[in-house]
Each structure stands twice: as structure tokens, then as C-alpha cells.
Amino acid sequence: AQEPEGDEAKARIDAAVGVLLETPGVQTATPLPYSQSLALLEPWLGASDLPASLPIPIVVDVSVDTGTRINYEQLRQQLDDVVPGSRISDNSVFLSRLVTLARVVQLVGVVVVFIVSIAAVSIVVFATRAGMTSHRGTIELLHLIGARDNYIARRFVSHALSYGLAGGVLGLILATATLAALSLAAKGVDQTLLPRLSLGLTAWLALLSVPLASALIAMITAHITVLRALRRLP
């Protein structure tokens with residue numbers, strides 16, 4: 001591939017940059033180096049398959065103020081007047097759809113977490129009540145001889161805590177395995193099409209807190225369930 005050279009190429013770049021910088025809402029307009037423009041073509045044409053006679057288009061990276069509405073049709077006409085054949089690639093529509101998709105995915109994630117939490121609470125309530133029913137005689141005897149409600153409740157809370165912690169650890173292992181599998185599957189996908197699948201420090205801390213959160217939910221739910229049942233005893 002051949003690099004654009006000469007005063008004519010430089011004049012075309014300067015003219016395009018001048019028009020862009022004079023446009024209200026355009027913050028910066030930076031021509032990309034030849035090597036970087038060439039790298040943009042490699043995912044589709046290959047690194048070593050580019051013919052020497054292939055002209056590489058001159059790319060100008062433009063950042064705009066999101067609060068300013070730009071008339072792209074007028075800008076295209078202005079650029080074509082000074083640099084015939086120039087083109088504008090507007091990523092705002094794609095990015096807005098991507099942001100909308102990301103927000104929908106986040107909302108779905110929140111709904112899923114809420115449903116899972118409600119299901120976990122329901123399971124703990126059912127298991128605790130079943131345990132109290134199977135040990136009803138012993139519980140009533142302890143209650144009659146003066147055992148405090150908190151003492152009886154702690155017996156059930158300890159079991160709920162252990163099961164909640166075990167379930168949380170299992171969920172953490174499965175989530176980590178899923179993320180590792182997705183990251184491995186995405187390795188062969190070009191990063192311009194799919195962002196790198198990785199978690200930041202905050203996300204990892206939130207993921208590592210899953211066992212603690214599940215154990216805490218189980219413990220509190222079991223404690224409240226037992227105390228409410230004991231209050232109904234004579």
C-alpha cells in the first residue's frame with residue numbers, strides 16, 4: 001500500500017481539517033497517521049495482503065460536542081467543495097443504539113437479580129417452616145421450659161447461613177466459569193466489533209460479595225421466619 005505523499009495530499013488534509021474546525025460543535029479534528037490508517041484495514045484485508053499500489057484513504061478523527069446538533073448534510077457539502085470525494089462516517093446512531101442496548105441489558109440484569117432474591121427468600125422461608133414443623137415437639141418443649149426465642153432461632157439461622165454461603169460460593173464459581181468461557185470465545189472476534197470482555201475492580205468486588213450477600217439473605221430470612229412462628233406458640 002502506498003502512503004499519500006506530496007503537497008497536494010497535505011493541502012487536502014489541511015483543507016478538510018479547516019472546514020471541520022470551523023463547524024460549530026466540532027471540538028477536535030486530528031488526521032490519523034498512515035500506520036494507524038493502515039491498521040484499520042488489516043482486520044479485513046490482512047496485514048501482508050495489501051498491494052503496493054493500493055491508495056490508503058486519509059482518515060481524520062473528529063470529536064464533537066454531544067450537546068450541539070451538527071448539520072451533517074451541510075458539512076458533507078462543505079467538505080465535498082474543498083475535498084471532492086470526501087465522506088463522513090457518523091457513529092452517533094450506532095452508539096445511541098448500543099447505549100440503549102446496554103441500558104436494556106442492565107435493566108434485565110436488575111430484574112433477574114430481584115427475581116432470584118425473591119426466589120431465594122421464598123425457598124429459605126419454606127425450608128425453615130418445614131424444619132420447624134418436623135421439630136415442632138422439641139421446639140414446643142424448649143419454649144415451655146423457658147428457652148428464649150433467639151436461642152431457638154439461632155439453631156435454624158446457623159443452618160440457613162451455611163446453606164446460603166454454600167449456594168453463594170457455587171454461584172460465584174459458575175459465574176466466574178461463564179465469564180471465562182465468554183472471554184475465551186471472544187478472543188477470536190475483532191475488538192472493533194466486540195469490546196473486550198473484562199471486569200473492573202468494582203465489578204469483581206461485587207461478584208466476590210455474592211456468597212456473603214446470599215448468606216446474609218438466608219440468615220435474616222430464617223431469623224424473621226422463626227421468630228414470627230414462635231410468637232404464635234402458647
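- In this structure, the side chains of Val59 and Pro31 stay at 4.5 Å or more apart for every pair of heavy atoms.
- The line from OG1 of Thr221 to NE2 of His223 is 11.5 Å long, rounded to the nearest 0.5 Å.
- Note: Ile13 CD1 to Leu32 CG = 10.0 Å, rounded to the nearest 0.5 Å.
- Counting non-hydrogen atoms of neighbouring residues, nucleotides and ligands closer than 6.0 angstrom, the OH atom of Tyr72 exceeds 12 such neighbours.
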Contacts under 3.5 angstrom, residues 114-125 side chains, donor-acceptor by atom type, not counting sequence neighbours:
from, atom 1, to, atom 2, distance (Å)
Ser117, OG, Val113, O, 2.8
Ser122, OG, Ile118, O, 2.9

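- Val83 and Leu20 fall within a single hydrophobic cluster, where Ile, Leu, Val, Met, Phe, Trp and Tyr are joined by side-chain heavy atoms under 4.5 Å apart, directly or via other members.
- Note that CG of Leu75 is 4.5 Å distant from CG of Leu79, once rounded to the nearest 0.5 Å.
- Taken from CD1 in Ile152 to CG in Leu227, the straight-line distance is 9.5 Å, to the nearest 0.5 Å.
- Side-chain contact between Met132 and Leu230 is present, with at least one heavy-atom pair separated by less than 4.5 Å.
- Taking 4.5 Å as the limit, every side-chain heavy atom of Leu21 sits out of range of all side-chain heavy atoms of Thr23.
- Annotation: side-chain hydrogen bond (donor to acceptor under 3.5 Å, both in side chains) contacts of Arg228 (sequence neighbours excluded): none.
- Hydrophobic clustering (side-chain heavy atoms under 4.5 Å, transitive across Ile, Leu, Val, Met, Phe, Trp, Tyr) keeps Ile217 apart from Ile220.
- Remark: Ile70 CD1 to Thr68 OG1 distance equals 7.0 Å, nearest 0.5 Å.
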Using side-chain contact (heavy atoms from CB on, under 4.5 Å), reason through Val210 and Leu208 one step at a time and then give a plain yes or no. CA-CA 5 Å; Val210 168; Leu208 292 174; over 6 Å; no
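- No continuous path of hydrophobic side-chain contacts links Leu207 to Leu212 [ILVMFWY only; heavy atoms under 4.5 Å].
- Inter-residue side-chain proximity for Thr30 and Val60 is flagged as unmet; no heavy-atom pair is nearer than 4.5 Å.
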Donor-acceptor list for residues 163-181 side chains, cut-off 3.5 Å, not counting sequence neighbours:
from, atom 1, to, atom 2, distance (Å)
Thr176, OG1, Leu172, O, 2.8
Thr178, OG1, Leu174, O, 2.8

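- Note that NZ of Lys10 is 11.5 Å distant from CD1 of Ile58, once rounded to the nearest 0.5 Å.
- For Arg129, the CZ atom counts as loosely surrounded, since its 6.0 Å shell holds 12 or fewer non-hydrogen atoms of other residues, nucleotides or ligands.
- Within a 6.0 Å radius of CZ in Arg76, more than 12 heavy atoms belonging to other residues, nucleotides or ligands are found.
- Remark: Arg155 is positioned above the aromatic ring of Tyr151, its terminal NZ or CZ atom under 6.0 angstrom from the ring centre and at most 45 degrees off the axis.
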